[in-house]
2 protein chains.
Amino acid sequence: MPPARHDRHSVVTTALRLLDEVGLPDLSMRRLATELDVQPSALYWHFASKQELLAAVADSILRTVPEPDARIALPEVARSIRDALLACRDGAEVVLSTYALRLGARRAQDALLAALGGGDQPAADALFEFILGHTMLLQQRMHAQSIGAVAPDDADPTPDAEAVFTAGVDGFAELSARRRPS
Amino acid sequence: MPPARHDRHSVVTTALRLLDEVGLPDLSMRRLATELDVQPSALYWHFASKQELLAAVADSILRTVPEPDARIALPEVARSIRDALLACRDGAEVVLSTYALRLGARRAQDALLAALGGGDQPAADALFEFILGHTMLLQQRMHAQSIGAVAPDDADPTPDAEAVFTAGVDGFAELSARRRPS
DNA sequence: ACCTGAACACCGTTCAAGT
DNA sequence: ACCTGAACACCGTTCAAGT
């Protein structure tokens, strides 16, 4: 039997599925290679490093956020980014840790900028940073709870998270309204 | 010569210094043990896992944020948290990734809550999440730039970061003012 | 063009045993 | 109370060689 044949796209697709199954700490190049019926070294034909592979995975995670469109309301755009991150285990951490080589993150930021009216780049960036921080912390708590290693005074984090997210998005909507009075 | 003797405090102090020198990806239990003139297994007398050690380091990173005090203005508290994170290489990532076992993070959140007037827990949490996301992204870009692996259309990230941080803090100050009209 | 096979220099963690 | 020594089951990455 000849060895399996892959391209960047098939590797990323499998990596994304494996990430969702096992989480970021267990997503190793060796385990991914096994999943692809290939030797670990074969992955380095498609990607120069694990970091580069994870950046492509991050891009894929954000693929569902809409194109920049000023007609979409700010909270809706913010929610679509959060939901894209939540759709994959450790999604926020992957995007945060590969942000320096931004691919899909750029489009997410542009979508926020458009929803803010187009002029306030610092506000768009700050809102994106809030969404990432919020979602990473939420996924962190979700995982801690799933393995039972949770601080004793904490209840289920998911319900309160909605109030916190709304508070954050409202803060930026307020800011935007004051800076650009209609 | 008898083996070196340590306690939790001395281990954390050395870990914090080593983190600042080499960064989170190179902060291994083995390297830390070498720095302490001890075998790697000795660290497991003081900490049950690397995760638990990093949580103690995170606590130490946030040790400089002031006690909760309603007389301190919100931007000042926000800035003291950001500066505490920036004072150590990869500080934001360490705090974010060990947040589930929150130690020092709790006090930072309480300081924000007090500065907001005491009543708006969701707003305090959201602001803390913004500060963490913002600072992790900033440190990410700082590191990418230091090794020259930066997106070609990006200039030095540090100056703009101040505008983005101010935009974020202003957003929450606005929110707080509207919710609790004086 | 894409993969194998073997190697290099590492990891976190456990556990019996030492002092 | 705190550490050693040895082991277990892993890592990411490189590179000559295969097809």
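All chains are named by letter (A, B, ...) in the order of the sequence lines, taking the proteins before the strands, and each is independently numbered beginning at 1.
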Worksheet entry | C/dC8 pairs with, by Watson-Crick or G-U criteria that keep both distances under 3.5 Å | D/dG12
Item to complete: Both distances under 3.5 Å, Watson-Crick or G-U wobble: report the partner of C/dA17, or none.
Response: none
Practice prompt. When you get a sec, tell me which of C/dT14, D/dG12, C/dC11 is the closest nucleotide to the side chain of B/S28?
Written response: C/dC11
Practice prompt. Take atom CZ of B/R30 and atom C1' of D/dC11, then tell me their distance rounded to the nearest Å.
Written response: 11 Å
Worksheet item: Taking B/S10 for the side chain and B/H6 for the main chain, is one N or O donor matched with an acceptor at less than 3.5 Å?
Response: no
Worksheet item: When the distance from NE2 of A/H9 to P of C/dA1 is rounded to whole Å, what number comes out?
Response: 21 Å
N/O contacts under 3.5 Å, protein versus nucleotides 2-5 of chain C?
{"residue": "C/dC2", "atom": "OP2", "partner": "A/W45", "partner atom": "NE1", "Å": "3.4"}
{"residue": "C/dC3", "atom": "OP1", "partner": "A/A4", "partner atom": "O", "Å": "2.6"}
{"residue": "C/dC3", "atom": "OP1", "partner": "A/H6", "partner atom": "N", "Å": "2.8"}
{"residue": "C/dC3", "atom": "OP2", "partner": "A/H46", "partner atom": "NE2", "Å": "2.6"}
{"residue": "C/dT4", "atom": "OP2", "partner": "A/Q39", "partner atom": "N", "Å": "2.6"}
{"residue": "C/dG5", "atom": "O6", "partner": "A/S41", "partner atom": "OG", "Å": "2.6"}

Worksheet entry | Side-chain donor or acceptor of B/E129 paired with backbone N/O of A/F130 under 3.5 Å | no
Response to the item:
Using Watson-Crick geometry (N1-N3 plus N6-O4 or O6-N4) or G-U wobble (N1-O2, O6-N3), each under 3.5 Å, C/dC3 is paired with none
Practice prompt. Mind checking the CG-CD spacing from B/L85 to B/E93? Nearest 0.5 Å is all I need.
Written response: 12.0 Å
Discussion item. Whole angstroms only, please: what is the NZ-C1' distance between A/K50 and C/dC11?
Written reply: 12 Å
Discussion item. Once rounded to the nearest 0.5 Å, what's the spacing between atom CE of A/M136 and atom OH of B/Y99?
Written reply: 12.0 Å
Fill in: Any donor-acceptor N/O pair, A/D20 side chain to A/R89 backbone, under 3.5 Å
yes
Worksheet item: Once you round it to whole Å, what is the distance between C1' of D/dC11 and CG of A/L32?
Response: 14 Å
Fill in: Pairing of A/R82 and A/E162 as salt bridge, 4.0 angstrom limit
yes
